[in-house]
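Keep in mind that the numbers below use all heavy atoms, side chains included, and drop hydrogens, waters and symmetry copies.
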Amino acid sequence: MIRMTALKALMLLCLALGMTVSIEQRRIDEDHVRAAHAALAFTNLAAERDSTRNVAITNSRLAALIGDSLRVVEKHAIQVTQQQDALDRALTGERRARYALDATVDSLHRAITVPASVRSDDGVRLATFDLCQEPYTIEAAVTLPPPPDSARITLRIAIDPIPIEARLSCASPNADGIRTASVTASSPSWAAVRFGHVEQSPEVCASPALTRERPARRSFRFAPLVLGAGFHLATNGSPAFGLFIGSGVRLGN
């Protein structure tokens, strides 16, 4: 009788120990999740305060690579779960990122002098202008009739396409396991590119702190609670069939 009481007490102790370990492990996992989201929030706060910057100013290697022909700008992206809007629903797709930018071309200021010709029949003075300055191509024809007639100009202005290449970069994980996301755009030197609101899903850069690794395969592990049925020894020593509860080990996954 004493032996059975001691056995039951041992089983209850193992069960309590197993439940305590399981609860503590869950608490540790929850603490890791909270710490990861806090680290991501801190990174997003820095991204919100970031502005479009010329990368070549601080990167001499890039400056030597692009020379005077290109301009490269960059801005950190906010990593937040994407919410579907009307445009996403119309496109019937799942949005993972949204990057807003605008490109501006500076105004043109030029003073051009060309010789004028005079039509002998009516005395109208004629002048034509041709200007090609990237990204502008301008053709103009001016007629100046004798007074009181009005002057007339025929003007054609063409603007070259603005090639812009955008790319996303994910930095190496920091001490908190968060990867900073950055959006970079390259454009001709005569076009100024500025980023507006840029955001993307945290899964795009997949920070280690935010991704739960698959547990390692273990062939032997502790099971805090085991339920079963089978033959067991009764208190009088005779075999009997019944249910049992306890703790033990489990082989395989």
Side-chain angles (χ1 to χ4, degrees), residues 47-78 82-93 95-169 181-200 204:
E48 289 178 358
R49 296 176 177 177
D50 194 25
S51 59
T52 305
R53 58 190 178 279
N54 191 334
V55 187
I57 295 178
T58 57
N59 191 325
S60 57
R61 182 178 179 183
L62 176 65
L65 179 64
I66 64 177
D68 297 330
S69 60
L70 291 177
R71 177 181 300 180
V72 179
V73 296
E74 184 181 54
K75 184 180 181 181
H76 291 315
I78 300 173
Q82 298 297 290
Q83 302 294 333
Q84 191 180 49
D85 57 18
L87 181 58
D88 296 320
R89 289 188 290 270
L91 294 173
T92 64
R95 189 181 76 227
R96 292 302 180 90
R98 184 177 62 178
Y99 310 122
L101 60 86
D102 58 66
T104 305
V105 180
D106 196 8
S107 57
L108 177 65
H109 300 275
R110 286 289 300 273
I112 306 174
T113 302
V114 296
S117 61
V118 179
R119 290 200 309 228
S120 58
D121 55 346
D122 54 7
V124 174
R125 302 180 64 191
L126 305 175
T128 58
F129 300 86
D130 292 301
L131 173 63
C132 185
Q133 177 177 319
E134 202 172 33
Y136 300 99
T137 301
I138 300 176
E139 299 175 357
V142 178
T143 59
L144 290 172
D149 291 341
S150 301
R152 179 184 179 187
I153 181 173
T154 303
L155 184 64
R156 175 183 176 272
I157 302 176
I159 300 179
D160 296 339
I162 306 177
I164 299 176
E165 179 181 304
R167 62 184 65 193
L168 168 68
S169 300
S182 301
V183 184
T184 306
S186 60
S187 64
S189 57
W190 43 262
V193 176
R194 186 187 67 85
F195 285 108
H197 185 78
V198 291
E199 66 176 31
Q200 65 185 46
V204 175

Heavy-atom distance under 4.5 Å between the side chains of [X] and [Y], does that happen here?
X      : Y      : value
Val72  : Thr184 : yes
Ile66  : Ser186 : no
Val142 : Phe129 : yes

At what distance, to the nearest 0.5 angstrom, does [atom1] of [X] lie from [atom2] of [Y]?
X      : Y      : atom1 : atom2 : answer
Arg152 : Leu144 : CZ    : CG    : 12.5 Å
Gln200 : Leu168 : CD    : CG    : 4.5 Å
Ser117 : Arg125 : OG    : CZ    : 9.0 Å
Trp190 : Leu70  : CH2   : CG    : 11.0 Å
Thr137 : Arg156 : OG1   : CZ    : 7.5 Å
Arg95  : Gln82  : CZ    : CD    : 4.5 Å

Sequence-distant partners of Arg167, salt bridge (Lys or Arg N to Asp or Glu O under 4.0 Å), two or more places apart: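 Applying salt bridge (Lys or Arg N to Asp or Glu O under 4.0 Å) to Arg167 gives Glu165.
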Phe195 backbone acceptor or donor facing Thr52 side chain under 3.5 Å: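 Yes, because the side chain of Thr52 sits within donor-acceptor range (under 3.5 Å) of the backbone of Phe195.
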Between [X] and [Y], what is the shortest heavy-atom contact and its length?
X      : Y      : value
Gln84  : Gly93  : NE2-O, 3.7 Å
Pro145 : Ala151 : CD-CA, 4.1 Å
Ser182 : Glu74  : CB-OE2, 3.5 Å
Arg71  : Pro188 : CB-O, 4.2 Å
Val73  : Asn54  : CG1-CA, 4.4 Å
Val193 : Ala185 : CG1-CB, 4.2 Å

Report the C-alpha separation of Ile138 and Leu155 in whole Å, then their side-chain angles, then the decisive distance to 0.1 Å, and conclude whether the side-chain contact (heavy atoms from CB on, under 4.5 Å) test is met. CA-CA 7 Å; Ile138 300 176; Leu155 184 64; 3.8 Å; yes
Could you please spell out the steps behind the side-chain contact (heavy atoms from CB on, under 4.5 Å) verdict for Asp88 and Gln83? CA-CA 9 Å; Asp88 296 320; Gln83 302 294 333; over 6 Å; no
Please check if the number of heavy atoms outside Arg61 that lie under 6.0 Å from its CZ is greater than 12.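 No - once you tally the heavy atoms of other residues, nucleotides and ligands closer than 6.0 Å, there are 12 at most.
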List the steps, then state whether side-chain contact (heavy atoms from CB on, under 4.5 Å) holds for Val124 with Asp149. CA-CA 10 Å; Val124 174; Asp149 291 341; over 6 Å; no
Determine which pairs satisfy salt bridge (Lys or Arg N to Asp or Glu O under 4.0 Å) with at least one residue from residues 96-110, sequence neighbours left out, and list them in order.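 Listed by first then second residue: Glu94-Arg96, Arg98-Glu199, Asp102-Arg194.
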Could Arg53 and Asp50 be called an ion pair, given the rule that one side-chain N must be under 4.0 Å from one carboxylate O?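 So Arg53 pairs with Asp50 through a salt bridge.
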